[in-house]
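Before any comments, here is the structure.
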Amino acid sequence: MPAATEGTAMSQKIKVILNGCEERISEGATILDLIALLNETDRHLIVEHNNFLIPPSQYATRTVADGDIVEFINPNMGG
Amino acid sequence: MADRQVLNALERQRYERQLIMPEISESGQSKIRNASIFIAGIGGLGSISAFYMTAMGVGRIRLVDRDRVELSNLNRQIMHRTSDIGKWKTRSAEEKLTQLNPDSQLEPIQGTITRNNVIDLVRGCDLILDATDNQVTRKVLNGAAIALQIPFIYGGINGFSGMVSTFRPKATACFECIFPDDPNPSAPPIGVLGPVPGLVASLQCIEAVKLILDLDPSLLNRLLRIDGWNMSFKTTHLTRNDDCNACSNGRNSHVPEN
């Protein structure tokens with residue numbers, strides 16, 4: 001189970017803004033945990049963390065902190 | 001042929017509203033006239049960028065598109081008319097752009113941009129304006145921009161949304177730093193509202209002008225995200241991806257040989 005959804009009594013909860021909505025998640029959650037939390041399966045989405053783009057290679061290691069803003073962004077490939 | 005620095009009387013009239021801009025003036029207009037640009041696609045985005053770049057007096061414009069005009073293009077691809085249906089888009093564009101500004105030398109090329117021909121197509125141009133409708137061709141163009149060391153101005157749309165960014169090879173993030181995944185082959189056709197590619201292509205043209213004037217464009221290492229539904233403009237900061245296959249020390253899998 002990803003860290004974001006672990007429910008131990010001792011786990012500290014933090015608030016983040018995920019796709020514009022406030023979410024309470026476990027401290028130490030990674031971008032990958034947030035992707036699992038939203039059941040996001042589209043691997044083409046790109047991820048913005050506090051206004052910076054995060055490369056996929058960092059999804060498993062990049063942790064979020066209280067008050068952080070994370071957005072999953074759909075690439076625009078039409079023209 | 002040597003670049004011509006002095007404008008003639010007709011050029012002074014035609015470009016009067018650009019010449020009175022301190023950012024352009026006569027020296028900037030000479031740079032615009034001596035510029036060579038590559039526009040990839042003459043659809044929703046390319047209709048706008050080709051018109052504006054021709055109108056402002058860019059000296060040489062190479063236009064590439066593989067398609068003929070279809071009825072279903074006409075809600076957004078305002079280069080083309082109902083009477084153009086069935087015509088190559090390059091031919092349709094050449095007719096309109098020649099009427100608009102005979103000063104611009106047009107190089108319409110009917111064909112498909114591929115990894116094998118992209119270097120030959122783009123060589124000799126100062127920058128690439130992206131007006132394609134798919135990720136595969138954008139990756140190919142990004143590779144050519146890196147190989148030829150010229151800027152690549154990305155623009156993309158989807159419904160009410162759009163994105164713009166400017167990439168300078170080796171100095172900034174590139175297209176593949178942002179979109180490293182392979183394209184989704186089963187992606188359904190997207191909806192397009194004409195003003196959205198109009199807006200995105202206009203922003204790309206503003207970036208292109210700054211590059212031609214030897215000024216720093218504003219969207220280096222920034223991805224401008226436009227939401228026409230909520231009328232919001234947001235910027236995502238970019239950094240080079242050390243694992244990028246195109247511009248870092250990775251496999252360079254999408255960079256054609258120069």
Side-chain angles (χ1 to χ4, degrees), chain A residues 2-5 14-79, chain B residues 40-47 49 76-77 130-138 154-165 173 175 177-184 187 189-192 196-197 200-201 204 221-223 225-226 230 234-244 248:
Chain A
T5 56
I14 58 172
K15 285 181 192 171
V16 298
I17 305 297
L18 181 56
N19 286 348
C21 299
E22 188 176 292
E23 297 276 355
R24 286 175 63 81
I25 60 169
S26 296
E27 193 175 34
T30 64
I31 298 292
L32 202 57
D33 294 327
L34 298 183
I35 291 171
L37 178 68
L38 292 196
N39 287 322
E40 190 54 71
T41 57
D42 185 354
R43 67 185 176 86
H44 294 94
L45 290 179
I46 59 177
V47 178
E48 183 193 84
H49 180 203
N50 293 339
N51 290 120
F52 278 84
L53 191 80
I54 306 302
S57 60
Q58 293 182 18
Y59 290 174
T61 54
R62 172 69 71 104
T63 57
V64 291
D66 192 49
D68 280 1
I69 301 171
V70 178
E71 202 158 337
F72 299 150
I73 300 166
N74 194 19
N76 292 167
M77 291 298 155
Chain B
I42 318 169
L45 293 169
S47 284
S49 45
R76 62 197 186 281
Q77 299 182 15
D130 168 28
T132 63
D133 62 0
N134 67 87
Q135 189 174 347
V136 173
T137 311
R138 288 186 171 103
Y154 154 66
I157 51 124
N158 186 351
F160 278 94
S161 301
M163 291 179 169
V164 189
S165 190
F175 179 80
C177 290
I178 311 178
F179 306 112
D181 282 324
D182 288 331
N184 180 0
I190 60 161
V192 186
V196 178
V200 167
Q204 290 178 275
N221 277 332
R222 295 171 70 204
L223 176 66
R225 299 191 286 119
I226 299 157
N230 293 306
K234 293 182 183 173
T235 299
T236 302
H237 296 282
L238 309 173
T239 52
R240 289 186 68 187
N241 179 359
D242 293 337
D243 302 318
C244 179
S248 289

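Every chain is numbered from 1, with letters handed out A, B, ... down the list of sequences. What you see below is based on every heavy atom in this structure, not just the backbone, and it leaves out hydrogens, waters and symmetry mates.
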Shorter than 4.5 Å, heavy atoms on both sides: which option in [options] has the most such pairs with chain A?
options                                    : answer
Leu223(B), Leu45(B), Ile157(B)             : Ile157(B)
Thr236(B), Asn158(B), Asp133(B)            : Thr236(B)
Ser161(B), Gly159(B), Ala131(B), Gly46(B)  : Ser161(B)
Ala201(B), Pro197(B), Cys177(B), Pro183(B) : Pro183(B)
Gly162(B), Gly43(B), Ala173(B)             : Gly162(B)
Ile178(B), Thr239(B), Asp130(B), Val200(B) : Ile178(B)

>> Let me confirm one number: the CZ-CG distance from Phe179(B) to Leu53(A), rounded to the nearest 0.5 Å.
In response: 8.0 Å
> Between the main-chain N or O of Met77(A) and the side-chain N or O of Arg138(B), is there a donor-acceptor pair closer than 3.5 Å?
Replying inline: yes
>> Checking the side chain of His44(A) only, and the main-chain atoms of Asp182(B) only, is there a donor and an acceptor separated by less than 3.5 Å?
In response: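 Yes, His44(A) side chain to Asp182(B) backbone: donor-acceptor pair under 3.5 Å.
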Interchain contact, [X] with chain A, by part (heavy-atom threshold 4.5 Å):
X         : answer
Asn241(B) : side chain
Arg225(B) : side chain
Thr235(B) : backbone

>> Checking side-chain polar atoms at under 3.5 Å, does Ser57(A) have a donor or acceptor matched by the opposite partner on Asp243(B)?
In response: yes
> chain B heavy atoms under 4.5 Å from Gln58(A): which part of the residue, side chain, backbone, both or neither?
Replying inline: neither
> Is it the side chain or the backbone of Pro56(A) that comes within 4.5 Å of chain B heavy atoms, both, or neither?
Replying inline: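 Contact with chain B involves the side chain of Pro56(A) alone.
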>> Quick check for you: among Asn51(A), Asn50(A), Asn74(A), Ile54(A), which has the greatest number of heavy-atom pairs under 4.5 Å with chain B?
In response: Asn51(A)
> Do you know the tightest heavy-atom contact between Ile73(A) and Met163(B)?
Replying inline: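 That would be CG2-CE, 3.3 Å.
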>> Under 4.0 Å between a side-chain nitrogen and a carboxylate oxygen: does that hold for Glu48(A) and Lys234(B)?
In response: no
